[in-house]
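Predicted model, so just to flag it, every value in this text is computed and none were measured.
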Amino acid sequence: MLILVLLVITALGFDFTNGFHDTGNAMATSIATGALKPKVAVGLSAILNLVGAFLSVQVAATITKDVLKIQQTKGPNAGDLISGLDGQKALVIIFAGLIGGILWNLFTWLFGLPSSSSHALFGGLIGSGIAAIGTSGVNWDGIVNKVVLPALLAPVIAIAVAALGTWLVYRITSAIAESKKESGFRAGQIATASLVSLAHGTGDAQKTMGVIALALIATGHLSAGSVSEGLPIWIVFSCALAIALGTYIGGWRVIRTLGKGLVEIKAPQGMAAEASSAAIILTSSAAGMALSTTHVATGSILGSGVGKPGASVRWGVAGRMVVAWVTTLPLAGLVGAATYGIANVIGGAAGAIVIFVILAVLSGFMYWRAQQQKVDSSNVNAEWDETSNSVIPAEVADDKIPAGAGSR
């Protein structure tokens with residue numbers, strides 16, 4: 001029971017990091033164009049994430065059956081844990097996977113990289129699952145069909161849809177004065193950004209719901225077959241609240257990269273990017289596909305730069321993001337595997353407590369490190385430094401780093 005309690009707390013912690021890590025997916029372009037003030041944007045996004053979390057359970061059902069194999073799904077023993085796995089071991093696998101996801105989220109946030117919280121979670125679970133029960137414990141078909149293929153296709157589709165949408169917007173409004181165009185599309189951005197926030201809550205909060213449900217299934221507190229029909233209200237409400245609080249905190253470093261680092265974005269581009277993101281995310285959530293909102297939103301923003309005549313895209317920044325995307329699954333998996341190994345060597349509740357303390361210490365260190373060069377609502381829209389391509393505004397970097405300490 002102690003391990004289960006620690007796991008639920010950690011799962012809600014992951015949901016919180018998911019919220020602030022992914023706020024930029026919905027609101028970065030609206031903040032960058034001035035359609036919404038920074039704190040108003042994150043507040044609106046938080047409310048809509050809260051509402052979105054109550055709209056569906058399809059993605060949660062995907063998490064319980066398409067990532068790890070912890071339960072027999074067919075035959076007379078359907079519902080029992082697989083051979084060689086007991087409730088405590090299953091909990092530690094899930095617990096370690098969550099830690100892998102949280103630490104990767106915080107690491108990429110520290111550097112302002114909009115990587116996928118979903119893939120960090122999946123990577124952590126896959127790594128801990130392999131460390132505990134080998135490759136047979138992973139549902140590879142589910143991973144390929146519901147995680148890998150969408151990850152490869154989503155950014156490409158988003159770039160294409162947003163590029164076409166942006167080109168059409170500028171083509172249709174070519175005769176309208178620039179000032180009127182900007183003000184009109186800023187109003188439209190508020191609507192489309194709100195839709196992305198709603199879609200984000202519908203998709204991402206469910207991933208944590210699915211993890212908690214997986215833990216309850218492993219300990220016999222919940223039947224796997226009941227998940228598609230609905231989840232206990234305390235799971236839905238707590239996950240909705242955690243992701244909303246994380247969103248309200250505002251992951252300003254990632255917001256800055258998406259809003260200022262990729263493209264010098266204008267309101268028509270922002271509206272086209274957000275509309276494309278919302279359409280793709282909502283479609284995938286309805287299909288039960290655990291799609292990364294980060295991949296979709298980033299692809300849409302890139303597409304808005306490609307589709308606008310004369311716009312420039314910072315491909316160097318985009319390249320760093322792609323590296324983070326490619327390494328998310330394996331590196332989060334390594335952390336999940338290592339964490340499981342530590343817990344397994346120590347054993348029992350003591351092992352769970354030790355890895356929980358490790359998580360708290362490393363999380364605290366990364367938060368402290370971020371405060372040394374703080375990005376917040378006051379400087380999120382500062383001009384992007386082309387020489388360093390750093391998420392840290394030049395004036396903050398110059399103020400904090402002593403002369404001779406190296407480049408920004």
Side-chain angles (χ1 to χ4, degrees), residues 16-52 109 112 114 162 166 169 177-201 204 240-241 243-278 281 293-294 297-298 300-301 304-305 308 370-371 373-385 390-396 399:
F16 180 84
T17 67
N18 192 165
F20 76 72
H21 198 286
D22 289 2
T23 310
N25 295 340
M27 291 298 174
T29 58
S30 296
I31 292 171
T33 64
L36 289 167
K37 293 185 180 301
K39 290 193 174 180
V40 173
V42 297
L44 176 62
S45 186
I47 293 169
L48 291 167
N49 267 276
L50 181 69
V51 173
W109 161 76
T166 302
V169 162
E178 194 66 28
S179 59
K180 290 184 178 180
K181 191 186 300 184
E182 281 290 309
S183 62
F185 278 103
R186 281 176 185 163
Q189 271 193 283
I190 297 173
T192 52
S194 298
L195 191 57
V196 175
S197 291
L198 189 70
H200 183 263
D204 279 45
L241 187 61
I243 200 167
L245 287 173
T247 302
Y248 183 71
I249 291 297
W252 301 110
R253 302 168 95 84
V254 178
I255 290 173
R256 176 165 167 74
T257 299
L258 285 172
K260 302 295 289 186
L262 278 176
V263 180
E264 288 299 330
I265 201 160
K266 300 294 184 182
Q269 296 167 269
M271 182 175 167
E274 290 154 4
S276 301
S277 295
I281 294 165
T293 55
T294 301
T298 305
S300 295
I301 293 170
S304 74
K308 181 190 175 186
Q371 300 315 297
Q373 293 182 326
K374 192 171 183 178
V375 178
D376 58 20
S377 59
S378 67
N379 60 14
V380 70
N381 271 345
E383 288 302 309
W384 190 263
D385 186 355
S390 170
V391 70
I392 310 299
E395 56 270 25
V396 175
D399 181 56

Would a 4.5 Å heavy-atom cut-off, applied to side chains only, mark [X] and [Y] as touching?
| X | Y | value |
| --- | --- | --- |
| Asp385 | Ser390 | no |
| Val254 | Thr23 | no |
| Met27 | Leu44 | yes |
| Pro393 | Val375 | yes |

Can any side-chain N or O of [X] pair as donor or acceptor with the backbone N or O of [Y] at less than 3.5 Å?
| X | Y | value |
| --- | --- | --- |
| Thr192 | Gly188 | yes |
| Arg253 | Val391 | no |
| Asn18 | Ile243 | no |
| Ser45 | Ala41 | no |

By side chain to side chain contact (heavy atoms under 4.5 Å, CB included), which residues pair with [X], not counting sequence neighbours?
| X | result |
| --- | --- |
| Ser276 | Val161, Ala162, Ser300 |
| Ala191 | none |
| Ala272 | Thr166 |
| Ser377 | Pro38, Lys39, Trp252 |

[X] and [Y]: which non-hydrogen atoms are nearest, and at how many Å?
| X | Y | value |
| --- | --- | --- |
| Ala297 | Ser277 | CA-OG, 3.5 Å |
| Ala26 | Glu274 | O-OE2, 3.8 Å |
| Ala28 | Leu258 | CB-CB, 3.6 Å |

How long is the straight-line distance from [atom2] of [Y] back to [atom1] of [X], given to the nearest 0.5 Å?
| X | Y | atom1 | atom2 | answer |
| --- | --- | --- | --- | --- |
| Leu36 | Ile190 | CG | CD1 | 4.5 Å |
| Thr247 | Leu50 | OG1 | CG | 9.5 Å |
| Thr17 | Trp109 | OG1 | CH2 | 10.5 Å |
| Ile255 | Asn25 | CD1 | CG | 9.5 Å |
| Ile31 | Asn381 | CD1 | CG | 7.0 Å |

Please tabulate, one pair per line, all N/O donor-acceptor pairs under 3.5 Å involving side-chain atoms of residues 259-271, not counting sequence neighbours.
from	atom 1	to	atom 2	distance (Å)
Glu264	OE2	Arg314	NH2	2.8
Gln269	OE1	Lys266	N	2.9
Gln269	NE2	Ser304	O	3.1

### Message
Checking Thr33 against Phe185 for the side chain to side chain contact (heavy atoms under 4.5 Å, CB included) test, could you report, in this order, the C-alpha distance in whole Å, the side-chain angles of both residues, the deciding distance, and whether it holds?
### Response
CA-CA 10 Å; Thr33 64; Phe185 278 103; over 6 Å; no
## Note on the structure
Residues at least two apart in sequence or cross-chain that pass ring pair (Phe, Tyr, Trp, His ring centres under 6.0 Å) with Phe16, listed by chain then number, are Phe20
